[in-house]
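Residue numbers start from 1 in every chain, and the chains themselves are labelled A, B, ... in the order their sequence lines are given, proteins ahead of strands. From a predicted model like this one, the values you see are computed outputs, not experimental measurements.
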Amino acid sequence: MNLAGTLATPTPTPATAPRHEMPLNPFSSYFLRSSSLRRSLLASLRKVSPAAVSPMASASTVAAAENGAAKPAEKQPPPVQVAKRLEKFKTTIFTQMSMLAIKHGAINLGQGFPNFDGPEFVKEAAIQAINAGKNQYARGYGVPELNSAIAERFLKDSGLQVDPEKEVTVTSGCTEAIAATILGLINPGDEVILFAPFYDSYEATLSMAGANVKAITLRPPDFSVPFEELKAAVSKNTRAIMINTPHNPTGKMFTREELEFIAALCKENDVLLFSDEVYDKLVFEADHISMASIPGMYERTVTLNSLGKTFSLTGWKIGWAIAPPHLTWGVRQAHSFLTFATCTPMQAAAAAALRAPDSYYEELRRDYGAKKALLVNGLKDAGFIVYPSSGTYFVMVDHTPFGFDNDIEFCEYLIREVGVVAIPPSVFYLNPEDGKKLVRFTFCKDDDTLIAAVERMKTKLRKK
Amino acid sequence: MEAKLSEASRRVTPSPIQELSKLSQRVGAINLAEGFPDFPAPAHLKAAAAAAIAADHNQYRHVQGICDILAETMRRDHGLDVDPLTDFAICCGQSEAFSAAIFAIIDQGDEVLIFDPAFETYQTCIELARGVPVYVPLDPPSWTLNEDKFLKSFTNRTKAVVLNSPHNPTGKVFGKEELLIIAQACKKMDCFVITDEVYEYITYDENKHISLASLPGMQDRTIITSSLSKTYSVTGWRIGWACAPANIASAIRNIHVKLTDSAPAPFQEAALVALTSTPDFYSSLKKDYTVRRDYILQTLTDFGLRISFKPQGSIFVFAEISRSWQLSDMDFVTNLITSAGVAAVPGRGFFHTGTDDPSYHHRYVRFAFCKSDDTLKAAAQRMQKLAGSEAWMRPDVLTRPHH
């Protein structure tokens, strides 16, 4: 019995969604009623905020909400002693929104991955690698060919020459590079500074490492770094600062001035810098600058990146960390006990991808630039206050013209009444209040999808 | 800047085994050290993976079908009733599944019992989560579970037991009675078991793999981990899973999402094909590995090593250096690499109880036999040649041990 054919699409796709619409969520068979979704989302928010209720109660509330829908008659198992660190771990906002999206047949501009596929030459390279037998364990820190390709690309992009053997570590996606960096280099009690809003794995992983997290909020309209606030926050107690440039969810790109200011603080206080640069090829209005290339910073910087966003192959899980040898060692230690090695045939294909000619990157920028224009103009026409985004494939907008109190309520309304999914970004802040007026849209979708979504918003959104 | 390394990563040091690995590469030794096949992955699986890539299954994804099939298989083979919707986490290999499971249940100071000798990775995962590994020695020569030592290892901080069966490095398959002892103790002390069942389909003779979770009272407290790697000879694909009661599985999934987000999508698709292989596939797997096992046992016996315990499962044999040879495992392996060009793994890296216990920790060598016929034959020839030469056994010819 070969199930591969019947199971090619893991979940049913609603008839109204575009052909390329892919079900996004892991647990598509969960159909939560929206009120229980709201309860679990708000419970999540409470856990994220400093004034959290008892962590264990919150954790079991979320678990019960998730499981209750599937097995209503099941007797409750005895309270299980999961680790305290799980306070910070909850079903992600992406999953919750996606579940609601499928239920309502909404167009998904929430979760940040393309509904179009990667380039043929990269896929071909992977198929060739599989057929050529590259299916066994790769060297833990990366297939030599890929480490070299990463180093070559980094040299072109940043001007920095790094040793592929000693300074490049391949991981299962940038998510793992982040986890390995944090677990390998952060001690319990270390102070780490983040910029809010932040990608949700940063805070959760820092919590796993037992770090004390401080967040500096980036605010609209330009989400610029508040220099005085940052300076006041950094001290000799600070172990690391994490930046994400180009920045998810705002689309901001850290300017040279901002990077130099942060660099000065790092050098003065002997602070490490973790820089997540996965969107470095999706830049529109400015040049991407790697923190590692700022004078004096390479020795204290870990640069994180991946294949997925640049080559529309987010499911391949090929990422990497570039750092000087003394920092790489810590990253590799953690990595070898998190996943041991990274998918072998995809590494071979990634090496081919990274050797793509400049024309590939130019075309990528052009295509995404056009999509961005499509979405941004549509959002403006629909009545949102749109903040300029110079990088990534995200746009942040203000939804308050439509009269909702917070982002979650707005996003639920958007799914149910308008048929479009966006992400409520309040979960990306330490203080959710900071994000409640904002919404994140993505434009990494084919043009038809974007056009259809914009149409729905223009016709159905009502200003208050 | 080295002061910036975390305490956890600093405790981990490069092992003598890594040095031997470099030596082995330098001389181009035949690799009977590492547990991955040098024969091709099954053609129909490679085709399935290639098809998945071509069909655009390349974005973040969770393939629910994997859980459905696994649940059905577990019901059929082990009588386990698991819910495919809630009880699974699909991870980047069993490595990540184990890691996520540890992070899900281990708090600072929690103790985790591990049977010794043991695969090296468990300890460091536990320490990364700030847990405390506690080793329970299995008794040579047959690596039997010593009930007394086992029960005495529990304290009020014991949170979990790790059970790897079939076992790396010894090839032991824990029997029903031993599993009952483990089950009873875990129920009494109310702790978890995390199983590593990656060799579940590779058992020999009458030995059957029994899933601990299938014993009465155990499903509620057992986290099963396994993967495609060894069964389907695709160690480089990184598709594994954890199966546990719903609320534990949920915790593991949440951690997994923060560690890697998802397992490689096209290989999840190919997993659907792998996991629905015909019964012929599994019986051939067993048959082929039995032939390889018997072949290498003959090779090693002819060479003069003692097979004090015949592997009941897994792809490893833990051979004993005869007492008449005044030779440590490191010396033996070093010499075998340099004089015969065959690499194996010194057993000392798998033992953790007590330091430098001379009685047996330095007397074992692990050989992997998940290798093609040509490889095994070539290794046998090289070893025969060396065994025939006088030079092999003389202490003054030995290279200095690498530390």
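- Under the 4.5 Å side-chain criterion, counting only non-hydrogen atoms from C-beta, A:F340 is not in contact with B:C92.
- Residues B:C125 and A:F337 form a side-chain contact, since some pair of their non-hydrogen atoms from C-beta on lies under 4.5 Å apart.
- For the pair A:N135/B:K46, a side-chain contact is recorded, criterion being any heavy-atom separation below 4.5 Å from C-beta on.
- The CG atom of A:L206 sits 12.5 Å away from the NZ atom of B:K258 when rounded to the nearest 0.5 Å.
- Proximity to chain A (any heavy atom under 4.5 Å) is restricted, for B:F267, to the side chain, taken from C-beta onward.
- Between atom CD of residue A:Q111 and atom OH of residue B:Y60 there is a gap of 8.5 Å, rounded to the nearest 0.5 Å.
- Ranked by heavy-atom pairs under 4.5 Å with chain A, the first of B:A97, B:A100, B:P264 is B:P264.
- Proximity to chain A involves both the backbone and the side chain of B:P37, based on heavy atoms less than 4.5 angstrom apart.
- The greatest number of non-hydrogen atom pairs below 4.5 Å with chain B, out of A:E176, A:K123, A:R332, is found for A:K123.
- Residues B:F103 and A:L338 form a side-chain contact, since some pair of their non-hydrogen atoms from C-beta on lies under 4.5 Å apart.
- A:F113 CZ to B:D261 CG: the interatomic distance, rounded to the nearest 0.5 Å, is 9.0 Å.
- Contact record, A:D117 with B:N58: OD2-ND2, 2.9 Å, taken as the closest heavy-atom pair.
- Contact annotation for B:A54: both backbone and side-chain heavy atoms come within less than 4.5 Å of a heavy atom of chain A.
- A pairwise comparison of heavy atoms in B:R130 and A:M208 identifies NH2-O, 3.1 Å as the closest pair.
- Here the side chains of A:P188 and B:Q108 are not in contact, with every heavy-atom distance at 4.5 Å or above.
- Interface remark: of the candidates B:G240, B:S233, B:P245, B:A270, B:S233 forms the most heavy-atom pairs closer than 4.5 Å to chain A.
- Here the OG1 atom belonging to A:T175 is positioned 9.5 Å from the CG atom belonging to B:L259, to the nearest 0.5 angstrom.
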Legend entry - Trace of the side-chain contact (heavy atoms from CB on, under 4.5 Å) decision for A:K317 with B:S262: CA-CA 8 Å; A:K317 311 309 293 156; B:S262 54; 3.7 Å; yes

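- To the nearest 0.5 angstrom, A:T205 atom OG1 is 9.0 Å from B:I255 atom CD1.
- Remark: the B:T235 side chain and the A:Q136 side chain contain an N/O donor-acceptor pair separated by less than 3.5 Å.
- Most heavy-atom pairs under 4.5 Å with chain A, from the set B:I239, B:T121, B:L275: that is B:T121.
- Residues A:M346 and B:I53 form a side-chain contact, since some pair of their non-hydrogen atoms from C-beta on lies under 4.5 Å apart.
- B:R238 places a side-chain N or O within donor-acceptor distance of the main-chain N or O of A:T339, the cut-off being under 3.5 Å.
- Between the side chains of B:Q59 and A:T314, at least one donor-acceptor pair of N or O atoms lies under 3.5 Å.
- Inter-residue side-chain proximity for B:T260 and A:T171 is flagged as unmet; no heavy-atom pair is nearer than 4.5 Å.
- Side-chain atoms of A:T344 and B:W237, non-hydrogen and from C-beta on, never get closer than 4.5 Å to each other.
- For the pair A:I130 and B:A49, the tightest heavy-atom approach, listed with the atom from each and the gap, is CD1-CB, 3.8 Å.
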